[in-house]
Every structure is written in C-alpha cells, then in structure tokens.
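Below you'll find the structure, written out as structure tokens, and then a few comments.
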Amino acid sequence: MSSCFNGGAGWPEPVVRVQAVSDTCGETIPERYVKPPNERPSTTTPQPAASSHGSSGLNIPVVDMSMPDSEETARAVEAACREWGFFQAVNHGVRPELLRRARSSWRGFFRQPAEVRERYANSPTTYEGYGSRLGTAKGGHLDWGDYYFLHLLPLSIKSHDKWPALPSTLREATEEYGEDVVKLCRRVSSLMSKGLGLDGGRLHEAFGGEGGEGACLRVNFYPRCPQPELTLGVAAHSDPGGMTMLLVDDHVRGLQVRKDDHWITVDPIPDAFIVNIGDQIQVLSNAAYKSVEHRVTVSAAEERLSLAFFYNPRSDVPVGPMPELVGPESPALYPEMTFDEYRVHIRQRGLSGKAQLQSLQSFRDAASS
C-alpha cells in the first residue's frame, strides 16, 4: 500500500487521501475536486455572520443550556429548531478540558505517518475507520477532506479495536467524550420533544430508548487547499440521522448553513456545540422541525478539524411521523422507513442536498393522490 492511496477495501476505484494531495498538488487541485460552477463557494454569495467583534449580519441562534427555567430553555430550542434547524449550545455541561483533549487527540491521529493511518482504512460496508469518500458511485466530484468514522452505540457494535491506538490518549478521550455527549443529546432530545408539545421522553422513545439508540462519531480533517474557491470540504447536504452535535475549531471558520437561499458562515463560539436537526427528526416531527442544508468550505492558510457526533434512531426501528403530530389538518408527510433503509441512498450515492428526504415526500404524495 502506498503512502498516498488505498486501492482496495471494496471501493470501486483507488481512494486518494486528501492529506497526500494537499502535500503534493502544488498550486492546482486535481480536477476530481473541482466542483461544478454553481456549487463553488466563489460563485455563491454567503451572508456574513455576526461576530464577537460587532460586525452585522445573520448567525444561527445561541441557546444557553444553563438557564434555570427549563421551560424557557425548551422554548429557545423549539424556536431555533423551527426557524433554523441549527443552534449553538453554550454552557452545556461538557467540560472544556475534555473538548480540547478530544480535539487534540484526533489532531494527533491525522498527524501520524500515512502507514499508521492506513492500518485503519475503511470500506463501504460500514464506513467504520479511516476514509476519504462517501458513496460508491464511480467517477464524479470528490470533497476536500479525510475522516475517521466509528460507532459508540449500540454497545453491541462498538469495538475499541477499530479505534486508533495512536496517539495513546485517543481511546480514553474518545470514550469519555462519547459518554458525555450522549447524555447531552438525550437532554436536548427532551427539550425538542417538549417544544413539540409532547412528553419530554417521546423523541427518545422513538429513537429506541436508552441504550437502544444509535450514536457514532465522524472526525473530519480538512487539509490546506491551494484553490479553496473551487472546492468544498463537504458538499451541501442535510444530515441523514437524528441530531448532530458538532465541535469545530474555535479559530478556523468553515461551516456554512443555508438560510433563505443565502449561505451563512457560522461564527463558532469557543467551547460551544453546534446542534442541528437531521432528516430523521424532520420525519418524526412531520416537518415541524426541519433539517437544513449545510456545507463546509476549506482554507488555503490553515487546516481544520471537527468532530461530528451523530445521535440516531436504532437502525432497525421504523421511523415515521409521530401519531400525536398527525391529523386531518396535518397529514403524515412521509412513509415509515428504518434508518438502515434510509441511509442506503447515502452510502451508494454520497451526499446530495436533501434529495433523499424530498424523494420520500414525493413518494407519499404520489401514493395518496
């Protein structure tokens, strides 16, 4: 196996590591990474985000998770989920020291020699391990980023043997981080349920209950790019799962959220989590809460790392609009489907906006006509 690509593991063509491309491509990125003109960040007009320095503009809402009035917190979460599908959670209870330790450990992995990283090369069967692409379709445009994907819940599929052994701090930091973020996801899920007028445990129950839900981590690494105006770290998409807790670099911006046909560049608050609704909660809420397209830009000057924690329904539980939210005036917008069935589309074709969710709604419309 060479230092720059993984030629096997079930992929339809050699998988080139973006780190290797960044180190060797000079001033011009390969054509496979050049996005179509209408998808390039240089041809869209992002709305500038508000910043701590007082600049004007839009930014995603901020929710203080330490507010003593839980009803007030639930109302703030509800408003953010209905209007944006995104918010930044501050004072959330996960220790800043742990956030920095997890980030530092994973940055250490991506700085290991290529032969160490390649020991964990993934396959399209489960995606678990070190990877550089989504989707098994041959040809097409690629994203400017590498990643590491691993499972945390259910416990039956979690395997420390599939987690990197180096750096030595990584496994312990990831285990502790996962435990704390799962607790936070359950808390936010309760607030989302209350915002829908339901019992606080209703979404959690729909996910499979405590220990039955799914949780996985995707650590994204975006190397420096000589032509960031031509490519994206991750193409525009909505998250297929339930809820995402994203921990980003405090000092390198890159996440953009679509709002009213504008791309809003998120100005991250140090030690905050960026929380967003996934497709499964849009389905369960019968579109009261909406998953929102987002994408990642890259930088010519700095590499960037983020930890995306996905909190999902149990993979074999049918997911459809919750009966309490369906009635004569609000018919079910989506058919039931398990999360396993839903994500087949993403694993075959990769990320493609909100195409999968829209196809489900079209199917329901056709069936009822």
Side-chain angles (χ1 to χ4, degrees), residues 18 41 46-53 57-63 65 80 84-111 143-150 173-174 177-178 180-181 184-185 188 216-225 228 231-239 241 243-259 263-278 291-311 351:
V18 179
Q47 175 76 27
S51 78
S52 58
H53 303 294
L58 291 174
N59 203 358
I60 63 175
V62 177
V63 176
M65 300 294 292
W84 282 83
F86 268 84
F87 63 91
Q88 293 199 67
V90 299
N91 300 320
H92 43 66
V94 182
R95 303 187 319 278
E97 176 275 330
L98 177 57
L99 304 181
R100 292 168 193 146
R101 182 154 45 96
R103 230 175 352 212
S104 174
S105 295
W106 279 103
R107 197 178 295 279
F109 168 76
F110 285 100
R111 288 176 176 165
D143 291 336
W144 191 267
D146 300 321
Y147 65 85
Y148 202 103
F149 182 83
L150 55 85
T174 302
Y177 179 84
D180 282 11
V181 179
L184 179 60
C185 287
V188 173
C216 48
L217 179 68
R218 175 176 153 144
V219 184
N220 304 296
F221 184 78
Y222 307 107
R224 288 184 292 273
C225 177
T231 192
L232 290 166
V234 180
H237 67 286
S238 62
D239 288 345
M243 176 199 320
T244 304
M245 289 273 174
L246 181 68
L247 180 66
V248 300
D249 267 324
D250 290 339
H251 64 290
V252 185
R253 298 195 309 175
L255 177 65
Q256 293 186 334
V257 175
R258 189 189 287 276
K259 175 69 170 174
W263 285 106
I264 312 300
T265 301
V266 176
D267 200 9
I269 298 171
D271 299 328
F273 280 106
I274 298 172
V275 184
N276 66 278
I277 297 293
S291 60
V292 172
E293 278 187 273
H294 49 287
R295 67 185 188 183
V296 177
T297 62
V298 292
S299 169
E302 297 183 89
E303 65 188 28
R304 182 173 176 270
L305 181 134
S306 68
L307 281 70
F309 190 96
F310 301 114
Y311 184 66
L351 301 171

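In what follows, every heavy atom counts, from backbone to side chain, and hydrogens, waters and symmetry copies are set aside.
- In this model, a donor atom of one side chain and an acceptor atom of the other lie less than 3.5 Å apart for Gln256 and Thr265.
- Using a 4.5 Å heavy-atom threshold, the side chains of Tyr222 and Val234 count as touching.
- Ring pair Phe221/Phe110 is parallel by interplanar angle, where below 30° counts as parallel and above 60° as perpendicular.
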Please assess Glu302 against Asp249 for the test side chain to side chain contact (heavy atoms under 4.5 Å, CB included), listing each intermediate value before the final yes or no.
CA-CA 11 Å; Glu302 297 183 89; Asp249 267 324; over 6 Å; no
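- When atom types are taken as modelled, the side chain of His92 and the backbone of Asp271 share a donor-acceptor pair closer than 3.5 angstrom.
- Of all heavy-atom pairs between Gln88 and Val266, the closest is NE2-CG1, 4.0 Å.
- Side-chain contact check for Ile269 versus Val62: some heavy-atom pair is nearer than 4.5 Å.
- Asn276 is not listed as a side-chain neighbour of Val292, based on a closest heavy-atom distance of 4.5 Å or more.
- A salt bridge between Arg295 and Asp143 is absent, with no side-chain N of the basic residue lying under 4.0 Å from a carboxylate O of the acidic one.
- Residues Tyr311 and Leu184 have side chains not in contact (no heavy-atom distance under 4.5 Å, counting atoms from C-beta outward).
- Looking only at distances, a side-chain donor or acceptor of Asp146 sits under 3.5 Å from a matching main-chain atom of Val18.
- Nearest approach of Phe310 to Arg218, heavy atoms of both residues: CE1-CB, 3.6 Å.
- For the pair His294 and His237, the minimum side-chain heavy-atom distance is below 4.5 Å.
- Nearest heavy atom pair, residue Pro41 against residue Pro228, reads CG-O, 3.5 Å.
- Residue Ser299 comes nearest to Ala301 through the heavy atom pair OG-N, 3.0 Å, listed as atom of the first residue, atom of the second, then distance.
- Using cut-offs of 30° and 60° for the angle between ring planes, the Tyr177 and Phe273 rings count as tilted.
- Rounded to the nearest 0.5 angstrom, Asp180 CG and Leu99 CG are separated by 9.0 Å.
- Salt bridge status for Arg103 with Asp250: present, with a side-chain N to carboxylate O gap under 4.0 Å.
- At a threshold of 4.5 Å between non-hydrogen side-chain atoms, the residues Phe309 and Leu217 count as touching.
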Evaluation steps, side chain to side chain contact (heavy atoms under 4.5 Å, CB included), between Trp84 and Leu58:
CA-CA 11 Å; Trp84 282 83; Leu58 291 174; 4.3 Å; yes
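- With rounding to the nearest 0.5 Å, the separation of CG in Leu307 from OH in Tyr148 is 13.5 Å.
- A 4.5 Å side-chain heavy-atom check between Ser306 and Leu246 finds at least one atom pair inside the cut-off.
- For Asn220 (side chain) and Tyr147 (main-chain N/O), no donor-acceptor pair under 3.5 Å exists by modelled atom type.
- At least one side-chain heavy atom of Phe86 sits less than 4.5 Å from a side-chain heavy atom of Leu255.
- Residues Glu303 and Arg107 share a closest heavy-atom pair of OE2-NH1, 3.4 Å.
- Contact between Leu98 and Ala173 at its shortest, heavy atoms only, is CD1-O, 4.0 Å.
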Stepwise side chain to side chain contact (heavy atoms under 4.5 Å, CB included) check, Met65 with Val188:
CA-CA 9 Å; Met65 300 294 292; Val188 173; 3.8 Å; yes
